[in-house]
Visitor: 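One structure coming up, written as structure tokens, with questions to follow.
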Amino acid sequence: MKRTHHCNELRLSHSGQTVTLAGWVHSRRDLGGLIFLDIRDREGRTQTVLDPSRLTREIFDRASALRSECVVSVTGTVQQRPAGTGNAKIATGEVEVAVTQLIVLNMAEVLPFPVDDPEVASKVNEELRLQYRYLDLRRPEMARHLRLRSKVAIATRQFMDEQGFLEVETPTLFKSTPEGAREFLVPNRREPGTFYALPQSPQQFKQILMVAGVEKYFQLARCYRDEDLRADRQPEFTQVDIEMSFIEREDIYQLIEGLLKRLWKTALGMDIPTPFKRISFEEALNRYGIDKPDTRFGMELVDFSDDFKGSSFKVFSGAIAAGGVVKAINAKGMAGATQGQIETMTDYAKSFGAKGLAYIKVENGEWKSPIVKFFSEAEKQALTSKLKISEGDLILFAADQWLNACEILGKIRLYCAEVLKAQGKLEVDGCPYHFLWVVEFPLLGFDREQNRWYSSHHPFTAPVADDIPMLKSDPRKVRGQHYDVVVNGVELGGGSIRIHQPDVQKTIFEDLLGIPAEETRLRFGYMLDAFKYGAPPHGGIALGFDRLIAILCGTPSIRDVIAFPKTAKGTDLMTDSPSTVSPRQLRDLYLEVKAAKKE
RNA sequence: GGGGGUGUAGCUCAAUUGGUUAGAGCGCUGCCCUGUCACGGCAGAGGUUACGGGUUCGAGCCCCGCCACUCCCGCCA
């Protein structure tokens, strides 16, 4: 009964051998006097044939009663298929197993959705797929994702090991650190009113490991964030978490380029070019309007602030006079944009606080736009030459403060690319993966509403050494030693060189972030203590492992590469969690539920 | 928290302006079929149109509410 081969193994050379296969009935083709069973396992599928002249009536009847996804073990002789009946679509298509023994290991009920037909199965409502995840995962496409994920995880470990890294596990029961993402809390039974928190990332532990002398740490770390979800965000997710001592930014770039090169080779057999291009935060915003640019296509932002500062079109000249900028993009071939598309883009602009969206449609040799009449010849000339305007183009403008103007057009640029791509009008670079480093982020941002500074990455990020003197005089200008690795407009990961001098850390916490000394001590005291006893200069990075796998699998949703993902509301449809707990459990934890119960 | 989309047979989808008994393909059940691999043929079963209200002579379709899934904004140091 034990199987001798898997279902993607038998070839002509096995002819004549008696073999046993085990697996699921992928499909049954019952011709009345002859039955074909395709047996599927993890590796593939093999056709078996039941010929009543070669087996007992009982076995034949047993085969007649089978349906899709029953689990069976079959024994028989491998034989070449009769001429003209081979199946070139499957690897085992030249042979079949003439069954002499059939054991039904388990019957299957009629399935809630088909798993054998990739066309149909991939369109099945995701709700159903999540509820019956074990069936969904049987689909070859999903099995391929699991397998690729495993291979990439193992290749990651192997590469990091070769580079001298230690894999160290860090706790998932951690201390609450209210900065950043909302945390999942875990009540502590032993002391009422105290809680663990699940870590948003092992950030603090990995820095402590540097103080501990580990020097090179990595981990495939599970992280938890209690924030609203997206196609690329789950409440629990996996990071390739890395930290190194005695390094500079260049060391991280080189390491990650090597790692990604290895992973692309392992997963796709593809050689990706290194080193990756680098672009500063400022340049990324100026040219693409976003800090994670998709550089597979152009449509770059062009600045017209000089050309329009004296313009009689007051919306433009006024914005410039107020310290802002005028920028534009040329969506080539989009002059035929529908009213709905223009409206969508206008809504994007408005969501950034703009009053509207200025545009020019270039149709029939004419500039169709309500604003063109305000433009001088020089201004038109500047537009034509800088944007290389020609028939069929759609020019879109943003006039606002620098960051806002950039972000508006950045958003619109991506929207236009999507529309043009669907119409087959977008020129896309032949290289399918555009990696780049985005560097020189501002260390701090300013929150107008709360009237305070915040860390644009996290408070342990080191300032660029030359900029440290400006920390107190002009914080806005201080650049952080922070870097993001971006591929095709997806932020794959980010990290920084950390502060290892206690005095600089103290300045950041107390003088800039405005956290009182007492609170700093409560929240981060153990870390500041650790740094007193000989902290090496260090830095690291974390890569979003789920996103990485999704990109390699070519799927837009990380749910497709996580075995048991949660829905957009954070529920697990298979196990129906989260769920209520018994009064006794609550009592043990000294908890009382005050919210109104549902139902 | 806000905005958009979806919800009709087990699955994927139709259903004209609001108008007869809500249809099709696949799947399922039964019968027939010895070279199929999307097997084929014949017959059949299968519906609280997510759910709750409302408007109407009449609602799958219109209105209000609600639930689930999904995409986006906010959020994600």
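Just so it is clear, the values below take in all heavy atoms, side chains as well, and ignore hydrogens, waters and symmetry mates. Letters go in sequence order (proteins before strands), and every chain restarts at 1.
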Visitor: Could you please name the partner base of B:rG7, counting Watson-Crick and G-U wobble pairs only when both distances are under 3.5 Å?
Guide: B:rC67
Visitor: What does A:Lys350 touch in the nucleic acid at a heavy-atom separation under 4.0 angstrom: a base, only the sugar-phosphate, or nothing?
Guide: nothing
Visitor: Has A:Lys569 got a side-chain N or O lying under 4.0 Å from the OP1 or OP2 atom of B:rC67?
Guide: no
Visitor: Salt-bridge test for A:Glu109 and A:Arg67: reply yes if a basic N is under 4.0 Å from a carboxylate O, no otherwise.
Guide: no
Visitor: Between A:Arg28 and A:Ser64, is there a donor-acceptor pair closer than 3.5 Å when you use the side chain of the first and the backbone of the second?
Guide: yes
Visitor: Can you tell whether the side chains of A:Asp560 and A:Arg129 come within less than 4.0 Å, N to carboxylate O?
Guide: yes
Visitor: For RNA chain B, what residues of residues 223-238 of chain A have any heavy atom nearer than 4.0 Å?
Guide: A:Arg225, A:Glu227, A:Asp228, A:Arg230, A:Ala231, A:Arg233
Visitor: Check this for me: does any side-chain nitrogen of one of A:Lys206 and A:Asp241 sit under 4.0 Å from a carboxylate oxygen of the other?
Guide: yes
Visitor: Going 5' to 3' along nucleotides 29-39 of chain B, which nucleotides have protein heavy atoms under 4.0 Å from the base (write B), which only from the sugar-phosphate (write S), and which from neither (write -)?
Guide: S---BBBBBSB
Visitor: Between A:Asp511 and A:Lys472, does any side-chain N to carboxylate O distance fall below 4.0 Å?
Guide: yes
Visitor: Within the structure, does a side-chain N or O atom of A:Ser351 lie under 4.0 Å from either OP1 or OP2 of B:rC73?
Guide: no
Visitor: State whether A:Asp38 and A:Arg45 are salt-bridged, where the test is any N-O pair (Lys NZ or Arg NE/NH1/NH2 against Asp/Glu carboxylate O) under 4.0 Å.
Guide: yes
Visitor: Under 4.0 Å between any heavy atoms, over every strand shown, what does A:Arg559 touch: base, sugar-phosphate, or nothing? Just pick one.
Guide: sugar-phosphate
Visitor: Just name whichever nucleotide pairs with B:rA24, Watson-Crick or G-U, keeping both distances under 3.5 Å, else none.
Guide: B:rU12
Visitor: Does A:Arg133 come within less than 4.0 Å of A:Asp136, counting only side-chain N to carboxylate O?
Guide: yes
Visitor: Would you call A:Arg139-A:Glu141 a salt bridge at under 4.0 Å N-O?
Guide: yes
Visitor: Look at all strands and tell whether A:Thr177 reaches a base, only sugar-phosphate, or nothing, counting heavy atoms closer than 4.0 Å.
Guide: nothing
